[in-house]
Amino acid sequence: MRVIIHFYPRKSRLNDDGQLPIYVRFTVKSKRVDLSTGLFIQPKHWSKARGRVKDRAPNAYTVNERLDKLKTEFQDYYNQLRSSGEEFSVSTIKEGR
């Protein structure tokens, strides 16, 4: 069993500044949960192939570092749950965030 963590801008939530919120989707055992990261990005600055902000975008380094940190936090929490031997689901990960 493994966890898949993916970041994406949510196009249906365009704000007044023309920015999209960045969401994280994590999948365990074919079940998925989407959560807001609290970060926003201009649509033209998002690299869909990389799942990251394009390198030349303003604040790209800062936003990408935050996404990396979030991914590490989710992965660490998943590893703790897995090593505990108890049953868990994506809801458990969502609640533990």
Side-chain angles (χ1 to χ4, degrees):
M1 176 173 45
R2 68 184 182 120
V3 64
I4 299 170
I5 302 169
H6 176 73
F7 295 101
Y8 67 97
R10 194 154 187 185
K11 294 178 183 176
S12 64
R13 306 273 175 145
L14 188 69
N15 69 13
D16 294 336
D17 295 331
Q19 296 183 326
L20 299 172
I22 300 173
Y23 273 66
V24 60
R25 172 178 289 158
F26 54 95
T27 308
V28 177
K29 295 182 182 178
S30 300
K31 303 288 184 199
R32 70 181 189 200
V33 171
D34 297 328
L35 297 170
S36 175
T37 63
L39 301 169
F40 290 83
I41 190 70
Q42 291 288 332
K44 66 182 178 182
H45 294 149
W46 187 256
S47 170
K48 185 176 180 179
R50 292 179 50 222
R52 293 278 188 268
V53 177
K54 293 178 182 176
D55 291 337
R56 294 188 180 190
N59 298 323
Y61 181 79
T62 305
V63 174
N64 286 334
E65 283 292 312
R66 181 68 181 132
L67 295 178
D68 289 340
K69 184 177 178 185
L70 285 170
K71 185 173 183 174
T72 300
E73 289 172 5
F74 279 117
Q75 188 69 48
D76 288 347
Y77 188 61
Y78 167 78
N79 290 336
Q80 288 174 359
L81 290 171
R82 190 169 167 205
S83 65
S84 73
E86 296 178 25
E87 279 292 315
F88 65 92
S89 66
V90 290
S91 298
T92 308
I93 297 172
K94 179 181 177 181
E95 294 164 8
R97 180 178 187 255

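Keep in mind it's a predicted model, so treat the numbers as computed, not measured.
Atoms CD1 and CG, from Ile41 and Asn64 in turn, are 8.0 Å apart once rounded to the nearest 0.5 Å. Interatomic distance, Ile5 CD1 to Phe74 CZ, rounded to the nearest 0.5 Å: 7.0 Å. Here the straight-line distance linking atom CG of Asp17 with atom CD of Gln42 works out to 8.0 Å at 0.5 Å rounding.
Taken together through direct or relayed side-chain contacts under 4.5 Å among Ile, Leu, Val, Met, Phe, Trp and Tyr, Leu20 and Leu39 form parts of separate hydrophobic clusters. Under the 4.5 Å side-chain heavy-atom criterion for ILVMFWY residues, no single connected hydrophobic cluster contains both Phe40 and Val53.
Inter-residue side-chain proximity for Ile22 and Trp46 is flagged as met; some heavy-atom pair is nearer than 4.5 Å. Put simply, the side chain of Val24 does not reach to within 4.5 Å of the side chain of Leu70, judged on heavy atoms. When side chains are defined from C-beta on, Val3 counts as touching Gln75, because their heavy atoms get closer than 4.5 Å. Between Asp76 and Glu73 there is no side-chain heavy-atom pair separated by less than 4.5 Å.
Shortest non-hydrogen contact noted between Gly18 and Pro43 is O-CD, 3.3 Å. Across every non-hydrogen atom of Arg13 and Pro21, the tightest pair is O-CD, 3.3 Å.
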Worksheet item: Going through the checks in order, is the side-chain contact (heavy atoms from CB on, under 4.5 Å) test met by Phe7 and Lys71?
Response: CA-CA 9 Å; Phe7 295 101; Lys71 185 173 183 174; 4.1 Å; yes
Discussion item. What verdict does the side-chain contact (heavy atoms from CB on, under 4.5 Å) test give for Tyr23 and Leu35, after you've listed the backbone C-alpha separation in whole Å, the side-chain angles of each residue and the deciding distance to 0.1 Å?
Written reply: CA-CA 5 Å; Tyr23 273 66; Leu35 297 170; 5.5 Å; no
Worksheet entry | Verdict with supporting geometry, Thr27 and Arg25, side-chain contact (heavy atoms from CB on, under 4.5 Å) | CA-CA 7 Å; Thr27 308; Arg25 172 178 289 158; 4.1 Å; yes
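A donor-acceptor contact closer than 3.5 angstrom links the side chains of Tyr8 and Asp34.
Exactly one residue among Lys54, Arg50, Lys48 makes a side-chain contact (heavy atoms from CB on, under 4.5 Å) with Arg52. That residue is Arg50.
Judged purely by atom type and a 3.5 angstrom limit, Asn15 uses its side chain to pair as donor or acceptor with the backbone of Gln19.
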